[in-house]
Amino acid sequence: MGCFEELKERGFVAQVTDEDAVRRALDEGPVTFYVGFDPTAASPHIGNLYPTMVMMHLQRHGHRPIMVLGTGTTMIGDPSGKTELRQMLSVEQIRSNADAFRRAMNRFLHFEESRALCVDNAEWLLQLSYIDFLRDVGRHFSVNRMLAAEAYKQRLERGLSFIEFNYQILQAYDFLELYRRETCTLQIGGDDQWGNILAGVDLVRRLENSTTVHGMTTPLLTTASGAKMGKTADGAVWIDPELLSPYDFFQYWINVDDRDVEKLLKCYTFLPLDEIASLARLEGADIRKAKDVLAYEVTRLVHGEAAAEEARSGARAAFSGGGDVSQMPTTSLPAAHFSPGVPAYELFHAVGLAGSKGDARRLLQQGGGYVNEERIEAFDRPITGEDVREGAILLRAGKKKHHRIQVEG
RNA sequence: GGGGAGAUACCGAAGCGGUCAAACGGGCCAGACUGUAAAUCUGGUGGCUCAGCCUUCGGAGGUUCGAAUCCUCCUCUCCCCA
């Protein structure tokens, strides 16, 4: 199967400027392509991982990815698909985010021997001279057309500031710059980037008289229930283990909707398609096996094999018996802490199973708290040394949140 | 620059002097049912030393026994006109 066909098969292709041309180009020889990342947060999340998977697939097929850090464009803010002006990030914040993105990407792409590049668009955007830029680049953009674009529709109703209106032009300019510097001929991005990508393709074709540049978008990933993939109530599913532990990362994938499993296996793992097909045939409770594979594979990709094993082992200990209890989320406390005893709700709050003491109190009063798998009947039931089993106390909040307290001394 | 509308808890949105920790919907959490899934039903959803107290309704002041509700100023957003 050709490289493009595989991407398609795995559900990575939404729109392409010229499908046949892109297919041919990718089948024929190394293509230099780019994906832009706006460092708007302190870590990439699994939404950023999605286009990264595409980059990995293409690099494996011998193509050359360019990761473009949008430090410059992030100073502007992309209005596409947004309902209101995004809060402006400080320049230092953006820089530090960009560093985090750069570090994270090392795990996914091979940068040695220029097999992949990482560049920062601030490098060229910050040097632009306003008047020259308007004369050389700005004149190729039709305001009428930009206003008609779907991406701006929503914003036109609510208001769009001039700074944001420039985003597309700058992103288009990125493509031009990359074409000139690195003969980059393909831009890939999320479907919400379609307008921006087209603008770039147009600009390069116009100014460089090139017909070989193309653009492609990946579908917007949503969950079966319609939410944006990778968003949880507590925030995004971060890649940085400091922001989301490998254990919780693993759990995220275990808890996805049954209906999403096949789709996610295809785009977030490198398992062969026939293997995925057989996992997808599982039914009922067996689907958990497929979820386990999914969770393990993605965790391995992001956090490494050892962390994936640990997360899986901790999850087994918490949910199905077996596994390694020490890999469950754990807090260490001195034995003295439990004599004479500490009220359950305080303990739940202290280890993070509840956001506040009031929250813990409610949880327990509603019967959602357990010590050593036994329901706690009173919110202030003291937890004492007598609750220690094999040097630890197991707490549980609801069905899914487990916490182990290692009692020292 | 002129005129108008508005800013309420995670989000949307009521409230227009006390009975407001603030209706309703969504989200989220818990319970029941289950498979760490979905759907459904039930309860919950500011903090605390929890039948009580404290801090919230863009910000700062003020009027009042009492303010999310009235007044003044400020900040921001949207709409119309230029």
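Remember, predicted model here, so these are calculated numbers, not experimental data. Note on naming: letters A, B, ... go to the chains in the order of the sequence lines (proteins, then strands), and numbering restarts at 1 for each one.
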For atom C1', what is the distance between B/rC76 and B/rG31, given to the nearest Å? 43 Å
Determine the interatomic distance between C1' on B/rU8 and the same-named atom on B/rA67; round to the nearest Å. 14 Å
Reading RNA chain B from 5' onward, which residue's closest nucleotide shows up sooner: A/Asn255 or A/Tyr345? A/Asn255
Only distances under 3.5 Å count here; give the side-chain donor-acceptor pairs of residues 330-350 of chain A to other protein atoms, sequence neighbours excluded, each with its distance to 0.1 Å.
unit_1: A/Thr330; atom_1: OG1; unit_2: A/Met328; atom_2: O; d: 2.7
unit_1: A/Thr330; atom_1: OG1; unit_2: A/Arg404; atom_2: NH1; d: 3.4
unit_1: A/Thr331; atom_1: OG1; unit_2: A/His403; atom_2: NE2; d: 2.4
unit_1: A/Ser332; atom_1: OG; unit_2: A/Glu408; atom_2: OE2; d: 3.2

Measuring only the C1' atom in each nucleotide, how far is B/rA22 from B/rU69? A whole number of Å is fine. 11 Å
Just to be sure I understand the rule, does A/Leu363 reach a base, reach only the sugar-phosphate, or reach nothing, if contact means heavy atoms closer than 4.0 Å? sugar-phosphate
Between P of B/rU36 and CD1 of A/Ile254, the distance in whole Å: 11 Å
Whether the side chain of A/Arg362 and the base of B/rC29 hold a donor-acceptor pair under 3.5 Å is what I'd like checked. no
Donor-acceptor pair (no angle test) under 3.5 Å: A/Asp286 side chain, B/rG35 base: no
For atom NZ of A/Lys357 and atom P of B/rC29, their distance in whole Å: 24 Å
Which nucleotide, in any strand shown, forms a Watson-Crick or G-U wobble pair with B/rA13, with both distances under 3.5 Å? none
Scan side-chain atoms only and decide if A/Asp136 and A/Tyr173 contain a donor-acceptor pair under the 3.5 Å cut-off. no
Does a side-chain N or O from A/Lys228 land closer than 4.0 Å to OP1 or OP2 of B/rG27, or not? no
Identity of whatever pairs with B/rC53 - Watson-Crick or G-U, under 3.5 angstrom: B/rG47
Under 3.5 Å side-chain donor-acceptor pair for A/Thr71 and A/Asp120: yes
Write down the atom of A/Pro39, the atom of A/Thr74, and the distance for their closest heavy-atom approach. CD-OG1, 3.2 Å
Without hydrogens or angle criteria, can the side chains of A/Thr73 and A/Asn121 be said to hold a donor-acceptor pair below 3.5 Å? yes
Using the ring pair (Phe, Tyr, Trp, His ring centres under 6.0 Å) criterion, which residues pair with A/His45? Sequence neighbours excluded. A/Trp238
Partner of B/rU75 by Watson-Crick or G-U wobble geometry, both contacts under 3.5 Å, or none? B/rA7
On RNA chain B, nearest-nucleotide positions of A/Gly284 versus A/Tyr370: which is more 5'? A/Tyr370
Specify the separation, in whole Å, of atom CG of A/Asp380 and atom P of B/rU49. 12 Å
Where the side chain of A/Ser356 is concerned, which of B/rG47, B/rU36, B/rG35 is the nearest nucleotide? B/rG47
Partners of A/Phe175 by ring pair (Phe, Tyr, Trp, His ring centres under 6.0 Å), sequence neighbours excluded? A/Tyr34
Mind running a 4.0 Å heavy-atom check of residues 303-325 of chain A against RNA chain B and sending the residues that fall below it, in number order? A/Ala315, A/Phe319
Identify all pairs in which a protein N or O lies below 3.5 Å from an N or O of nucleotides 51-53 of chain B, and state each distance.
none

Ring pair (Phe, Tyr, Trp, His ring centres under 6.0 Å) partners of A/Phe111, counting only residues at least two apart: none
Sequence neighbours left out, what passes side chain to side chain donor-acceptor pair (under 3.5 Å) with A/Glu208? Give chain and number order. A/Arg180
Distance-only donor-acceptor hits, side chain of residues 316-325 of chain A, under 3.5 Å, sequence neighbours excluded:
unit_1: A/Asp324; atom_1: OD1; unit_2: A/Ser326; atom_2: N; d: 2.9
unit_1: A/Asp324; atom_1: OD1; unit_2: A/Ser326; atom_2: OG; d: 2.8
unit_1: A/Asp324; atom_1: OD2; unit_2: A/Ser326; atom_2: OG; d: 3.2

Look at the side chain of A/Gln366 and the base of B/rG43, then say whether one donor and one acceptor between them are separated by less than 3.5 Å. yes
Step through the shown structure and confirm whether more than 12 heavy atoms of other residues, nucleotides or ligands are within 6.0 Å of CD on A/Glu283. no
Nucleotide paired to B/rC70 in any strand shown, Watson-Crick or G-U, under 3.5 Å: B/rG62
The criterion is side chain to side chain donor-acceptor pair (under 3.5 Å); which residues satisfy it with A/Arg312, sequence neighbours excluded? A/Asp292
Considering only atom C1', compute the distance from B/rA13 to B/rG62 and round it to an integer number of Å. 30 Å
N/O donor to acceptor pairs below 3.5 angstrom from side-chain atoms of residues 53-61 of chain A, sequence neighbours left out:
unit_1: A/Gln59; atom_1: OE1; unit_2: A/His110; atom_2: N; d: 3.0
unit_1: A/Gln59; atom_1: NE2; unit_2: A/His110; atom_2: O; d: 2.9
unit_1: A/Gln59; atom_1: NE2; unit_2: A/Arg115; atom_2: O; d: 3.3
unit_1: A/His61; atom_1: ND1; unit_2: A/His57; atom_2: O; d: 3.0

Compare side-chain N and O positions of A/Lys289 against OP1 and OP2 of B/rG35 and report whether any pair is under 4.0 Å apart. no
For residues A/Leu265 and A/Ile276, report the shortest heavy-atom separation together with the two atoms involved. O-CD1, 3.5 Å
Determine the interatomic distance between P on B/rC16 and the same-named atom on B/rC71; round to the nearest Å. 15 Å
I need the CZ-C1' distance between A/Arg361 and B/rG43, as an integer number of Å. 18 Å
Which part of the nucleic acid, if any, lies within contact of A/Gly398, taking any heavy atom under 4.0 Å across all strands shown: a base, the sugar-phosphate backbone alone, or nothing? sugar-phosphate
Watson-Crick or G-U counterpart of B/rA21, or none if no pair lies under 3.5 Å: none
Rounded off to whole Å, could you give me the CG-to-P distance for the A/Asp257 and B/rA38 pair? 6 Å
Distance check: side-chain N/O of A/Arg375 vs OP1/OP2 of B/rA32, anything under 4.0 Å? yes
Between P on B/rA38 and NZ on A/Lys399, what's the gap in Å once rounded to a whole number? 9 Å
Would you name the heavy atoms of A/Pro65 and A/His63 that are closest together and state the gap between them? CD-O, 3.4 Å
Where along residues 236-250 of chain A does a heavy atom come under 4.0 Å from RNA chain B, residue by residue in number order? none
Pick the P atom in B/rC73 and in B/rC29, then give their distance to the nearest Å. 46 Å
What's A/Gln365 touching, base or sugar-phosphate or nothing? Going by heavy atoms closer than 4.0 Å. nothing
Would you sort out whether A/Gln187 and A/Gln171 count as a side chain to side chain donor-acceptor pair (under 3.5 Å), showing the intermediate values? CA-CA 11 Å; A/Gln187 179 181 184; A/Gln171 184 169 331; 3.0 Å; yes
Counting C-beta onward and ignoring hydrogens, is there a side-chain heavy-atom pair between A/Asp174 and A/Trp124 closer than 4.5 Å? yes
For B/rG1, which nucleotide in any strand shown is its Watson-Crick or wobble partner with both distances under 3.5 Å? B/rC81
Separation between the P atoms of B/rG3 and B/rC10, rounded to whole Å: 36 Å
Counting heavy atoms from C-beta on, name the nucleotide in B/rA30, B/rU49, B/rG47 closest to the side chain of A/Lys401. B/rA30
Taking B/rG35 as the reference, what is the distance to B/rC11 when you measure between their P atoms (whole Å, please)? 37 Å
Using a strict heavy-atom distance below 4.0 Å, which residues from residues 291-301 of chain A are in contact with RNA chain B? A/Lys291
